[in-house]
There are 2 protein chains.
Amino acid sequence: MSAPEVPARRQTRQRTAVLALLDELDGFRTAQELHALLRERGDAVGLATVYRALQALVDDGLVDVLRSEVGEAAYRRCSPVHHHHLVCRSCGRTVEVADPPVERWAARVAAEHGFADVQHQLEVFGTCRPCAAAQREDRLSGRGR
Amino acid sequence: MSAPEVPARRQTRQRTAVLALLDELDGFRTAQELHALLRERGDAVGLATVYRALQALVDDGLVDVLRSEVGEAAYRRCSPVHHHHLVCRSCGRTVEVADPPVERWAARVAAEHGFADVQHQLEVFGTCRPCAAAQREDRLSGRGR
DNA sequence: CGGACGTGTGAGAATGGTTCTCATGACCAC
DNA sequence: GTGGTCATGAGAACCATTCTCACACGTCCG
Ligand SMILES: [Zn+2]
Ligand SMILES: [Zn+2]
Ligand SMILES: [Zn+2]
Ligand SMILES: [Zn+2]
């Protein structure tokens, strides 16, 4: 009800830089990594601002966020339609994938147990071919232990 | 190769208490919540020890861990066979569910993109019936805003 | 254009969950 | 029993994220 509540997002150098950087990267990156990359490239942006920009992008549905196993948040420019991810554990390379059956399954199993307001999260983790090859090499050289 | 590597888990009052508490609870609880519950009940255990005991249980496959949206880890006594979870957002009540099709789907989609060492995580979140009813009541009373 | 307003920025402090440190205590095989 | 480990716990350390607040700068009329 009442006003549509659009706080009017303002266009600044910092927000533009964050989104531009995300557009060039293909995988999930943490806020700290993005902050370091921006600094290297010269587009210096405060860390707190990186966090705020990412949060805004997530709210706008332009960016997906994923929690790593150690609890850090990682961000990626994603398409706005519902999808899931196939993520490389070591380099972050990501492929967007869809699985229509699981959507129906989630809704059905939730209904069967009387759960409402259903959401689901499905992610697949693995090692992409280049990273697997690199790891094999490492093992062949000195890393016996 | 070499020794089977079983560091010999020692049985102490603290670890017994943590596992016993988890056995009584039906949902995912954070380490801090478990620590508080143990203190109330009189089985006082240091917070660091709760974390260590939980980590050991996870390593042994007796407990599952889930990251909340705010990044906290939540633990639950679970069956040792592979399964997924239907979790109530507000009370933590949890149902273990299986979805054989998604297992095959994950393996296939990973193979198609050349990913190895595949793992997947699938969780469904919702509001269980009792919690939904409670929230409806709250809204009817003073919470107009 | 030219301010006025209100949002955005950033350095540093604060927060809070988790892990580490290390002196002390308690299992348990012998 | 005893000894050698491993476990415990209070507090410090860690570290990602958020908060604070003085200041800068888009945006919007006029
Ligand atoms: Zn995505
Ligand atoms: Zn889905
Ligand atoms: Zn489980
Ligand atoms: Zn599965």
Side-chain angles (χ1 to χ4, degrees), chain A residues 3-22 27-60 62-76 92, chain B residues 3-22 27-60 62-76 92:
Chain A
E5 280 306 327
V6 185
R9 204 127 279 165
R10 202 169 274 188
Q11 177 181 341
T12 66
R13 174 182 67 80
Q14 292 86 342
R15 290 184 182 175
T16 304
V18 169
L19 186 53
L21 175 57
L22 285 170
F28 280 88
R29 297 295 147 88
T30 67
Q32 312 258 0
E33 289 173 336
L34 295 170
H35 177 240
L37 286 172
L38 287 170
R39 171 167 295 184
E40 286 177 17
R41 137 187 319 208
D43 279 331
V45 175
L47 179 57
T49 299
V50 173
Y51 276 103
R52 281 183 293 234
L54 289 171
Q55 191 53 61
L57 290 168
V58 170
D59 292 344
D60 290 350
L62 299 175
V63 163
D64 277 2
V65 57
L66 205 61
R67 293 255 163 207
S68 80
E69 307 180 29
V70 293
E72 299 170 324
Y75 303 83
R76 174 178 186 266
Chain B
E5 282 305 326
V6 186
R9 204 128 275 164
R10 201 170 275 188
Q11 177 180 342
T12 65
R13 173 182 67 79
Q14 291 86 343
R15 290 185 184 177
T16 304
V18 169
L19 186 53
L21 175 56
L22 284 171
F28 279 88
R29 296 296 147 87
T30 68
Q32 313 258 357
E33 288 172 337
L34 295 170
H35 176 242
L37 286 171
L38 287 170
R39 172 166 294 183
E40 285 176 18
R41 132 187 324 204
D43 279 330
V45 175
L47 178 57
T49 300
V50 173
Y51 276 104
R52 282 183 291 234
L54 289 170
Q55 192 52 60
L57 290 168
V58 170
D59 292 344
D60 290 350
L62 299 175
V63 163
D64 279 0
V65 58
L66 206 61
R67 294 253 164 209
S68 81
E69 307 180 29
V70 293
E72 300 171 325
Y75 303 84
R76 175 178 186 266

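Nothing here was measured: the structure is a model prediction, and the numbers come from that model. Reminder, nothing fancy here: chain letters follow the sequence lines and each chain counts from 1.
- Rounded to the nearest 0.5 Å, atoms CZ (B:R52) and CD (B:Q14) are 9.5 Å apart.
- The separation between A:D43 atom CG and C:dT9 atom P is 13 Å, rounded to whole Å.
- The CG atom of A:L66 sits 17 Å away from the P atom of D:dA16 (whole-angstrom rounding).
- Minimum heavy-atom separation, B:L38 to B:A17: CD2-O, 3.9 Å.
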Quiz item: How does protein contact run along nucleotides 19-30 of chain C, one letter per nucleotide 5' to 3', with B for base contact, S for sugar-phosphate only, - for none, heavy atoms under 4.0 Å?
Solution: BBB----BBS--
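- Regarding A:R29, its CZ atom lies at a distance of 16 Å from the P atom of D:dA16, rounded to whole Å.
- Considering all non-hydrogen atoms of both residues, B:L54 and B:A31 come closest at CD1-CB, 3.8 Å.
- Looking at B:Y75 and B:E33, their side chains never bring a donor and an acceptor atom within 3.5 Å of each other.
- Atom-to-atom, CD of B:Q32 to P of C:dT15 comes out at 16 Å; the value is rounded to the nearest Å.
- Comparing the end axes of the helix from C:dC1-D:dG30 to C:dC30-D:dG1, each fitted to five base pairs by superposing C1' atoms of four pairs onto the next four, gives an inter-axis angle of 40° (nearest 10 degrees).
- Nucleotide C:dT15 holds its P atom 17 Å from the CD atom of B:E72, rounded to whole Å.
- Spacing between atom NE2 of A:H35 and atom P of D:dT18 amounts to 15 Å, rounded to whole angstrom units.
- As a whole-Å value, the separation of A:L54 CG from C:dT9 P is 12 Å.
- Considering only the side chain of B:R15, D:dA7 comes nearest among D:dG9, D:dA7, C:dG10.
- With hydrogens and angles ignored, the 3.5 Å screen pairs a side-chain donor or acceptor of A:T16 with a backbone N or O of A:T12.
- Remark: the backbone N or O of B:E69 is paired with a side-chain donor or acceptor of A:R67 at under 3.5 angstrom.
- For the pair B:L21 and B:R41, the tightest heavy-atom approach, listed with the atom from each and the gap, is CD1-NH2, 3.6 Å.
- Annotation for A:R15 and A:R9: closest pair NH1-CG, 3.5 Å, computed over non-hydrogen atoms.
- Contact record, A:F28 with A:D64: CE2-O, 3.6 Å, taken as the closest heavy-atom pair.
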